[in-house]
Structure formats: C-alpha cells, structure tokens
Amino acid sequence: MNPNRGMGMRGMRSFMRDQSVTSYKVAPGVKKRILKFAAAYKKLLLAFLVLIIIDSAIGVLNPLILREIIDKGILDHHTNLIIELAILVAILAIFDAVMAFFERYISAKIGEGLIFNMRTQIFNHIQKMPIAFFSRTQTGALVSRLNNDVLGAQEAFTDVLSNVIGNLISVLFVLVVMFFLSWQLTLVIVVILPIFLFPARWLGRRLHAITLESYNLNSLMSNTMIERFNVSGAMLSKIFGDPKKEEGTFKERAGRVRDIGVTQAMYARFLFIALMLTASLATAITYGWGGVMSVRGVLSVGTIVALTAYLNRLYGPLTQLSNFNVDIMTALVSFERVFEVLDLEPLIKDKTDAINLSSGPASISFEHVSFKYPTAKEVSLASLESVANLSRSSSKEVLHDLSFIVKPGQLVALVGPSGAGKTTISQLVSRLYDASSGSVKINNIDVKDVTLSSLRSVIGVVTQDAHLFHETIRDNMLFAKPDAKETDIIDALKNAQLKDLLENLPEGLDTMVGERGYRLSGGEKQRLAIARVLLKAPDIVILDEATAHLDSASEQAIQKALKTALNNRTSLVIAHRLSTIKSADQILVLEHGRIVQRGSHDELIKEDGLYSQLYKTQFLS
C-alpha cells in the first residue's frame with residue numbers, strides 16, 4: 001500500500017501557494033457575491049456533496065471489511081465468508097469508481113460553468129468601457145485578468161469543494177473509526193504529522209517564491225517571442241537587430257527558466273519524499289506497536305491491517321487541510337480580482353431614459369464645449385496599468401469653449417498644428433469621450449441623451465491608422481454591416497478603388513488580410529477601411545486624415561469615391577491634404593484647443609492668419 005495515495009502534486013499545491021495571502025484583507029461583500037455565483041449551481045453542489053459523503057463512507061468501509069476477512073475469514077478458516085466479503089469489496093470498488101466518475105463530471109460542470117459565466121461577464125463589461133480605459137490599460141494585464149484570474153478563481157473554487165470539504169468529511173469519518181479501533185495508536189499517528197508539516201510549510205514558502213519567479217520569467221520570455229514574432233517586430237529585428245545578441249538574450253532567459261524548473265522539481269520531490277517518510281514512520285509504528293498489542297491479545301491482526309489501510313485516507317487529506325486557509329483565501333483573492341474589473345463602472349454609458357437617434361440627414365453642433373481627459377481614477381485600475389498611479393488630480397483642458405455648426409450635407413474641415421484638438425473634436429461626436437462642459441448635439445439632440453448603439457449606427461469613421469482584424473476581407477467588411485449582401489461588399493470595394501486587388505487575389509473576399517492587415521500595402525489597407533465606411537453608408541462621416549497613406553494616384557481615385565459617398569452626408573474631415581480642404585464648405589482652424597479662424601479656403605487665405613501660414617508651410621510643401 002502507498003500511504004500517500006491521493007496526495008501527489010495536487011495535494012502539495014497549497015504548499016506552493018503564497019502563504020502571505022492569509023493576511024490579505026478581502027474587500028467586504030466578496031463572499032456574498034461568490035455565494036451568488038454558486039447559487040446558480042446549488043443542485044449540482046448538493047449532488048456533489050452527497051457524492052463526497054458516499055465516497056468517504058466507502059473509503060471507511062473497505063478497511064473494516066478487510067479486517068473481517070482477516071479476523072473472521074482467514075484466521076477462522078471461513079472460506080465462504082472470505083469469498084462473500086471479497087465480492088463485496090469488488091462491488092464497492094466498482095461503485096466507488098462510478099461515483100468518482102460522476103463526482104468529476106459534476107465538478108467539471110460547476111468549474112467550467114463558472115468560467116463561462118465570469119469570462120462572458122468580464123468580456124461584455126470590458127466591451128462597454130470607454131476608449132480612455134483602453135488607452136491606459138495594458139492589454140496583457142487585461143487578457144490575463146480574463147484568462148488567468150478567471151481560471152484561478154475556478155480552480156480555487158473547485159479545489160475548495162473537492163479538497164477542503166471532501167477531505168474534511170473523509171478525515172472526520174476516518175478518525176472516528178480509527179479512534180474506535182485503537183485510540184492509542186491513532187493519537188501517535190496524528191502526533192507525528194508535524195514532523196512533516198513544519199518543514200513542509202517552510203519549504204512551501206521557498207517553493208512559492210521560485211514558482212512565482214518562474215511565472216515571471218516565462219511571461220518575460222513569452223513577451224520576447226510575441227514582440228519578435230509579429231510582423232512589425234520581425235521587421236525591426238531584421239533591419240536594426242543583432243541576431244547574436246537576440247539569441248544570447250533569449251538563451252539567458254530560457255536558461256534561467258530551465259534552472260528554476262530543476263530547482264522547483266527538486267523542492268516538490270523533497271515534499272513528496274518527506275510525506276512518504278512520515279507515512280512510512282506511521283506505518284512502522286502501527287505494525288510495530290500494534291503487533292506487540294496483537295501478541296498480547298489487545299488488538300486483532302485484522303485491526304492492525306485496517307489501521308494501516310486508514311493511513312491512506314488520513315495523511316494526504318490532513319496535510320491538505322493543514323493549509324485550508326491558504327486555499328480558501330486564494331479563492332477569495334482570485335474572485336476579488338475578477339470582481340474588481342466588473343465593479344469598474346463604464347464612464348460612458350446609456351442613460352436609463354436614452355432615446356434612439358433617427359437616421360437621415362444630420363446636423364452637428366458644438367455649444368460652448370470644453371474638454372479635459374478623464375483622470376486615471378475615473379477610467380482605470382492600478383492593477384491593469386503599467387504605471388500604477390491613479391492620481392485624483394484633474395487633467396488640463398484640451399478644448400476651450402468651442403461652438404460651431406455643421407449643417408446637414410456640409411463638409412467641414414478641421415485644420416491646425418499637431419495637438420490642437422482636431423481628433424478630440426471628432427471623438428466627442430461619436431462619444432468616445434464626453435464633453436466636460438457644454439453640449440455636443442446631433443439634430444439638436446445631445447449625444448448623451450441617445451443610445452450609444454443608435455448614435456454609432458449613424459456615424460462612420462476612417463482613421464489615419466486603419467485597423468483590420470486578422471480575418472478575411474469579407475469578415476472585415478461585414479464588421480461594419482453584418483447583414484450586407486456580397487454584391488454590396490463588392491460594390492463598396494470597387495468604389496474604394498480596390499477592384500484590381502480583388503480580381504488579383506486567388507481567394508477573393510475570403511483572403512486573410514493578416515495581423516493588423518499586414519498582407520496589404522498601406523494604401524490598400526486604408527482603402528479597405530474606406531470601403532468599410534462606404535458599405536455602412538452612415539449619415540455622418542468622420543475622416544481623420546484618411547488619405548494620409550495614399551499616393552497621389554490612389555488619393556485622386558479615393559477622392560472621387562469619397563465625393564460620391566459624402567454626397568448629401570454630413571462630413572467632418574481632418575486632413576493635411578489641400579485637395580480635401582479646398583472642397584470644404586467651412587474650415588475650422590484650431591490652435592491650443594480653440595477655434596482661432598473659420599471660413600472658406602479663399603476667405604482664410606485673405607485673412608493672412610494661422611491658416612495662411614499652414615497653407616504655405618504645410619499644404620504647399
């Protein structure tokens with residue numbers, strides 16, 4: 001018999017966890033929220049508890065049956081009794097195996113259901129976050145919260161179910177029966193347990209520190225691979241990188257991971273051997289002292305064998321229960337980190353009485369609009385930022401008392417030096433940010449009073465750095481209009497001057513564009529983004545330097561397509577190209593977040609102000 005059966009690495013996992021977690025103060029209400037999650041599985045949890053009790057009872061019965069086989073079957077030469085009890089042991093073993101299967105099924109059902117619920121809740125919640133949240137948050141930290149922390153919560157939850165509750169019931173049953181069989185031997189067996197526990201707890205802290213360092217080094221090594229293996233990183237490495245230096249850096253990090261892996265394996269093995277040694281000592285005491293008591297007629301031989309068998313179901317569970325507070329606190333902390341994200345309220349969201357914005361000809365009006373970017377405390381979490389400094393201090397205003405009107409069907413150009421606030425104005429229209437004061441209106445309705453879905457359904461945006469998903473051309477187009485027909489997609493691509501590209505691609509619309517669209521040229525990627533807006537056919541079009549990556553020939557073709565697409569549509573255009581600006585109905589010249597000039601191209605040239613300077617230095621250069 002193996003006295004540490006059922007222990008293994010799973011049983012020692014709590015020793016590898018951070019012992020300091022027990023001093024962590026969990027936020028109020030976390031336990032109640034966990035119970036709310038668990039409430040959805042109350043029937044499964046009840047069934048799981050019943051199976052654990054049955055499994056523990058079977059574990060207690062087997063050694064007692066073994067005792068009867070020896071004392072009343074073998075020693076008394078009762079062949080039939082031996083056969084009957086052996087058959088009973090086999091039946092119980094089969095029944096226990098079936099119970100174990102259902103126990104694992106229910107545990108998996110609860111665990112995976114928990115992952116599904118938490119992961120979908122976090123994903124949906126993050127989708128509602130404003131752009132300011134994503135501009136501050138580390139993508140890796142966010143993905144880790146969605147994956148690792150959710151898995152950590154699930155593992156901790158199921159571990160508490162199977163380890164803490166299951167082991168507690170098993171230990172109680174076993175100790176009661178062992179004390180009934182021989183209270184003297186049982187006391188000695190329990191007393192020698194600290195021989196293993198005290199060094200194991202010290203070694204466990206070292207093992208946790210090494211495990212944590214291993215995680216960090218693996219993360220660093222993975223990050224190196226991710227940065228070098230994407231298109232931009234690979235290109236930069238090939239142009240500027242030193243292959244030998246890159247290889248040396250990676251070898252150094254991989255080597256450290258290797259060395260830590262060896263140390264980690266040896267520490268874990270030491271724990272395993274220490275447990276085996278402790279259990280072997282207990283076995284020796286049971287057979288030694290128990291054997292003497294048997295010779296003196298105090299205990300039967302079957303009782304000694306039964307007590308030894310109970311060691312299988314005592315030491316492993318007792319060892320795991322010695323760190324049950326670590327397991328429980330780990331579960332609470334994991335859940336708290338998940339709740340931390342769910343509790344972060346989106347800064348921009350629908351009002352309870354928000355109305356739907358009707359489609360059709362649209363006007364845009366800014367009425368005394370001022371804006372400052374939200375502070376970190378308002379939109380982010382310290383644990384998700386690379387620089388965890390959630391200052392409460394207010395940021396400076398970047399827009400000051402802006403007022404202007406864009407009538408339905410007009411094209412208004414925003415011009416000014418970098419940092420003047422042009423892009424910020426466009427983001428206020430689509431409500432990626434909210435004005436700090438004043439109001440932004442569409443058709444005389446404040447954008448804060450309409451639903452986000454209806455607002456963004458009437459707006460189409462093309463930015464300077466158009467983003468494409470690592471999917472097919474068709475999928476990237478359908479992102480703008482999911483119910484679009486194939487003929488509509490093709491027409492939009494043709495209007496964006498992508499007919500030749502489409503005809504030259506063997507897989508046509510089903511061609512993968514690559515990560516961030518790297519299989520396409522800069523001009524092709526930009527035109528695909530414009531085609532996406534053409535397919536959507538919104539009432540308001542915002543072009544944020546949308547032709548910046550196009551050569552002269554492509555720009556002329558795009559300008560022709562845009563002229564058709566923008567006809568009778570309200571347009572807000574940020575451009576450095578003279579061809580776009582000269583056709584504007586009105587030009588707003590910005591400087592330091594203020595409108596310093598407004599008018600047509602000819603009118604502004606005559607004023608000989610900032611626009612005239614920009615025209616001479618930028619547009620004519």
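- You'll find the side chain of Val447 stays beyond 4.5 Å of the side chain of Lys441, heavy atoms only.
- Closest heavy-atom contact between Gly360 and Asp539: N-OD2, 2.9 Å.
- Atom CD of Glu471 is separated from atom CG of Leu478 by 10.0 Å, given to the nearest 0.5 angstrom.
- Here the closest heavy-atom approach between residue Arg527 and residue Ala496 is recorded as CD-O, 3.2 Å.
- In this structure, the side chains of Asp401 and Arg594 stay at 4.5 Å or more apart for every pair of heavy atoms.
- Looking at heavy atoms from C-beta onward, Ile587 lies in side-chain contact with Val589 at the 4.5 angstrom threshold.
- Scanning all heavy atoms of the two residues, the minimum distance from Leu509 to Thr472 falls at O-CB, 3.6 Å.
- Inter-residue side-chain proximity for Leu535 and Asp488 is flagged as met; some heavy-atom pair is nearer than 4.5 Å.
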Evaluate side-chain contact (heavy atoms from CB on, under 4.5 Å) for Glu367 paired with Val440, printing each intermediate quantity in order. CA-CA 6 Å; Glu367 298 178 0; Val440 179; over 6 Å; no
Arg598 and Glu603: salt bridge (Lys or Arg N to Asp or Glu O under 4.0 Å), yes or no, with the steps? CA-CA 9 Å; Arg598 66 180 77 202; Glu603 290 171 346; over 6 Å; no
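- For the pair Gly416 and Lys422, the tightest heavy-atom approach, listed with the atom from each and the gap, is O-NZ, 3.0 Å.
- In this structure, CE on Met477 lies 12.5 Å from NZ on Lys536, to the nearest 0.5 angstrom.
- Residues Arg456 and Pro538 fail the side-chain proximity criterion, which asks for heavy atoms closer than 4.5 Å.
- Two rings, from His400 and Phe371, have their centers 6.0 Å or more apart.
- Distance alone, capped at 3.5 Å, places no donor-acceptor pair between the Asp585 side chain and the Val412 backbone.
- Rounding to the nearest 0.5 Å gives a distance of 6.0 Å between CZ of Arg474 and CD1 of Ile489.
- With rounding to the nearest 0.5 angstrom, the OG atom of Ser436 is 8.5 Å from the CG atom of Leu399.
- Looking only at side-chain heavy atoms (C-beta outward), Asp446 and Asp449 come within less than 4.5 Å of each other.
- Neither side chain, Ser426 nor Thr423, offers a donor N or O lying under 3.5 Å from an acceptor on the other.
- Heavy atoms of other residues, nucleotides or ligands lying less than 6.0 angstrom from CG of Leu342 number more than 12.
- Taking the side chain as every heavy atom from C-beta outward, Tyr433 and Thr424 never approach each other to under 4.5 Å.
- The two atoms that bring Ile355 and Ser454 nearest to each other are O-OG, 4.0 Å, heavy atoms only.
- A 4.5 Å side-chain heavy-atom check between Leu588 and Val415 finds every atom pair outside the cut-off.
- For the residue pair Glu607 and Gln597, a side-chain donor N or O sits within less than 3.5 Å of a side-chain acceptor on the partner.
- Between Asp350 and Leu452 the shortest heavy-atom distance is OD1-N, 2.8 Å.
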